[in-house]
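Structure, as structure tokens:
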Number of protein chains: 2
Amino acid sequence: MTRSEENYLKIIFHLGGSDSTPITTNAIAEQMETKPSSVTDMAKKLAEKNLVKYKRYQGVSLTEQGTKTALSIIRKHRLWEVFLVKKLDFSWDEVHEVAEQLEHIKSEKLIDKIDELLEFPKFDPHGDPIPSKDGKFMVRDKQLLSEMSIGSKGVCVGVKDSSAPFLKFLDKNKIALGHTIQVLEIEDFDHSLRIAMEGRELRISHQIASNLYVKKNE
Amino acid sequence: MTRSEENYLKIIFHLGGSDSTPITTNAIAEQMETKPSSVTDMAKKLAEKNLVKYKRYQGVSLTEQGTKTALSIIRKHRLWEVFLVKKLDFSWDEVHEVAEQLEHIKSEKLIDKIDELLEFPKFDPHGDPIPSKDGKFMVRDKQLLSEMSIGSKGVCVGVKDSSAPFLKFLDKNKIALGHTIQVLEIEDFDHSLRIAMEGRELRISHQIASNLYVKKNE
DNA sequence: ATTAAAATTTAGACAAATCTAAAAATAGGT
DNA sequence: ACCTATTTTTAGATTTGTCTAAATTTTAAT
């Protein structure tokens with residue numbers, strides 16, 4: 001399994017899809033920052049190895065084996081992210097790039113020991129679930145802050161956009177996972193929100209709200 | 001800097017050499033487990049980048065920049081080895097292979113933080129010195145156990161051969177770094193040694209003794 | 001100094017992963 | 001159903017790191 005193959009599988013997994021709604025060549029090319037023709041080549045190669053199903057002009061979907069492989073890479077990525085934050089004091093906006101490299105290290109013992117050292121975390125620093133060794137992961141009952149109704153309360157549990165600029169913005173505004181949130185008001189004009197968070201009150205644009213996941217109180 | 005280039009530099013460094021006694025193509029090929037013709041190609045490439053000096057048929061030697069790069073990779077390798085042993089309970093015979101992968105991770109912050117987490121170790125699990133960020137490392141006044149005279153005492157501080165079989169042998173015989181050693185007797189016939197170590201007495205072949213480094217008392 | 005053996009380099013090929021440009025297939029609008 | 005725009009694939013080229021086989025240079029022995 002080459003690094004490139006692993007990256008393709010990971011991205012195909014993240015793009016979702018299924019046997020009935022396969023992922024398009026173009027979508028993969030865009031995520032991989034490569035050309036569609038390169039994707040076609042790789043699709044053939046992965047199909048050859050039984051990691052994806054591929055029909056000319058019809059796109060790609062992961063096989064069971066492909067899904068398993070993708071999940072193991074995602075598991076490694078997210079565990080390394082937790083490691084970097086918890087053990088090496090990285091901030092959550094710095095971890096992705098390094099984890100992209102670390103996720104390709106081949107050693108089952110290594111990642112199991114990292115898991116153990118971290119006491120088997122279930123979520124990464126951005127609130128995304130960490131698959132277990134056998135590919136299972138928690139699906140949290142969460143919703144976007146932008147979809148909550150006035151008055152409802154919840155706990156901030158994840159980000160949809162985990163780009164550095166967004167994460168830095170959240171840091172600057174002291175918005176962090178685990179914080180409680182209550183929607184006080186939603187502006188009709190621009191859909192911005194007034195929220196209460198950990199005692200403070202702040203105003204948040206719709207764009208921000210639609211990238212923050214909240215777990216509602218029962 | 002590609003992974004392959006890094007591996008070549010590391011191996012050239014380990015082979016020693018200098019401007020006056022450059023490393024031969026064959027020696028590098030053997031260490032890299034590749035063919036001499038491939039080494040020639042890479043030598044040209046590294047010379048192009050000013051990482052080695054290379055004259056046709058005369059072998060290669062590291063430039064200052066090449067040495068610096070090699071040391072930074074060796075630093076990473078050895079720090080990761082310490083990490084694996086101290087933080088993840090790997091045994092000293094398991095770390096090399098994984099460190100070979102981890103040493104290529106590109107993040108200055110990562111390795112500095114690992115260094116800090118480990119409290120700036122000066123030696124790796126095999127007793128080899130860890131270069132500092134600026135490429136300096138301790139040179140310990142050590143000698144091979146096989147070169148010690150009868151009666152002399154010392155502390156076991158390193159291994160010359162760090163292959164898994166040798167290290168496992170040492171484990172099995174409870175020979176570890178930090179243990180005190182006194183040479184009791186040297187057999188004329190096969191140069192095997194009778195030694196006292198941590199209260200016990202044991203017999204050691206010449207081959208073992210010539211792969212164990214000892215630091216003499218005063 | 002010559003010559004055979006060993007080491008090294010060159011030339012040409014290959015696999016992996018990518019690209020560009022052109023061709024083929026599909027999808028959407030009428 | 002047809003035509004056009006878009007998507008996707010093919011064909012052929014490129015780069016990196018490797019290889020084999022042949023040619024060249026060095027070395028060491030006489």
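A, B, ... follow the sequence lines: proteins, then strands. Residue 1 opens every chain.
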Contact between T40(B) and K44(B) at the side-chain level, heavy atoms closer than 4.5 Å - yes or no? yes
Do the side-chain N or O atoms of N26(A) get closer than 4.0 angstrom to the phosphate oxygens (OP1, OP2) of dT6(D)? no
Under 4.0 Å, heavy atoms only, any strand: does S38(B) hit a base, just the sugar-phosphate, or nothing? base
Spacing between E33(B) atom CD and dC19(D) atom P, to the nearest angstrom: 11 Å
By side chain to side chain donor-acceptor pair (under 3.5 Å), S163(A) pairs with (sequence neighbours left out) D161(A)
Answer yes or no: side-chain N or O of S37(A) and base N or O of dT20(C) forming a donor-acceptor pair under 3.5 Å. yes
Sequence neighbours left out, what passes ring pair (Phe, Tyr, Trp, His ring centres under 6.0 Å) with F83(B)? Give chain and number order. F83(A), W80(B)
Taking side chain to side chain donor-acceptor pair (under 3.5 Å) as the test, write out the residues that go with R203(A), two or more places apart. S192(A)
Whole-Å distance separating the CG atom of D41(B) from the C1' atom of dG12(C): 12 Å
I want to check one thing: is the phosphate of dT9(C), taken as OP1 and OP2, less than 4.0 Å away from some side-chain N or O of Y54(B)? yes
Rounded to whole Å, the CD1-P distance (I28(A) to dT9(D)) equals 9 Å
Would you kindly compare T34(A) and T25(B) by the position of their nearest DNA chain C nucleotide and give the one closer to the 5′ end? T25(B)
Does S4(B) put a side-chain nitrogen or oxygen below 4.0 Å from OP1 or OP2 of dT16(D)? no
Nearest-Å distance, CE (M42(B)) to C1' (dT15(D))? 13 Å
Show me the pairs that pass salt bridge (charged side-chain N to carboxylate O under 4.0 Å, His left out) and involve residues 91-105 of chain B, at least two apart or across chains. K109(A)-E94(B), K10(B)-E100(B), K10(B)-E103(B)
Below 30° counts as parallel, above 60° as perpendicular, anything between as tilted: where do the rings of H126(B) and W92(B) land? parallel
Please output the side-chain donor-acceptor pairs of residues 15-25 of chain A that fall under 3.5 Å, not counting sequence neighbours, one pair per line with the distance.
{"from": "S18(A)", "atom 1": "OG", "to": "S20(A)", "atom 2": "N", "distance (Å)": "3.3"}
{"from": "S18(A)", "atom 1": "OG", "to": "S20(A)", "atom 2": "OG", "distance (Å)": "3.1"}
{"from": "S18(A)", "atom 1": "OG", "to": "T21(A)", "atom 2": "N", "distance (Å)": "3.1"}
{"from": "S18(A)", "atom 1": "OG", "to": "T21(A)", "atom 2": "OG1", "distance (Å)": "2.9"}
{"from": "D19(A)", "atom 1": "OD1", "to": "K53(A)", "atom 2": "NZ", "distance (Å)": "3.4"}
{"from": "D19(A)", "atom 1": "OD1", "to": "S61(A)", "atom 2": "OG", "distance (Å)": "3.2"}
{"from": "D19(A)", "atom 1": "OD2", "to": "K53(A)", "atom 2": "NZ", "distance (Å)": "2.5"}
{"from": "T24(A)", "atom 1": "OG1", "to": "A27(A)", "atom 2": "N", "distance (Å)": "3.1"}

Expected rows: protein N/O vs nucleotides 24-29 of chain C N/O, under 3.5 Å:
{"from": "dA25(C)", "atom 1": "O4'", "to": "Y57(A)", "atom 2": "OH", "distance (Å)": "3.3"}

Taken to the nearest whole Å, NZ/K44(B) to P/dT9(C) is 8 Å
Take the protein atom NZ of K35(A) and the nucleotide atom C1' of dT14(D), then report the distance between them rounded to whole Å. 15 Å
Whole-Å distance, E48(A) CD to dA16(C) P, equals 11 Å
Rounded to the nearest Å, what distance is computed from the CG atom of residue L46(B) to the P atom of nucleotide dT16(D)? 13 Å
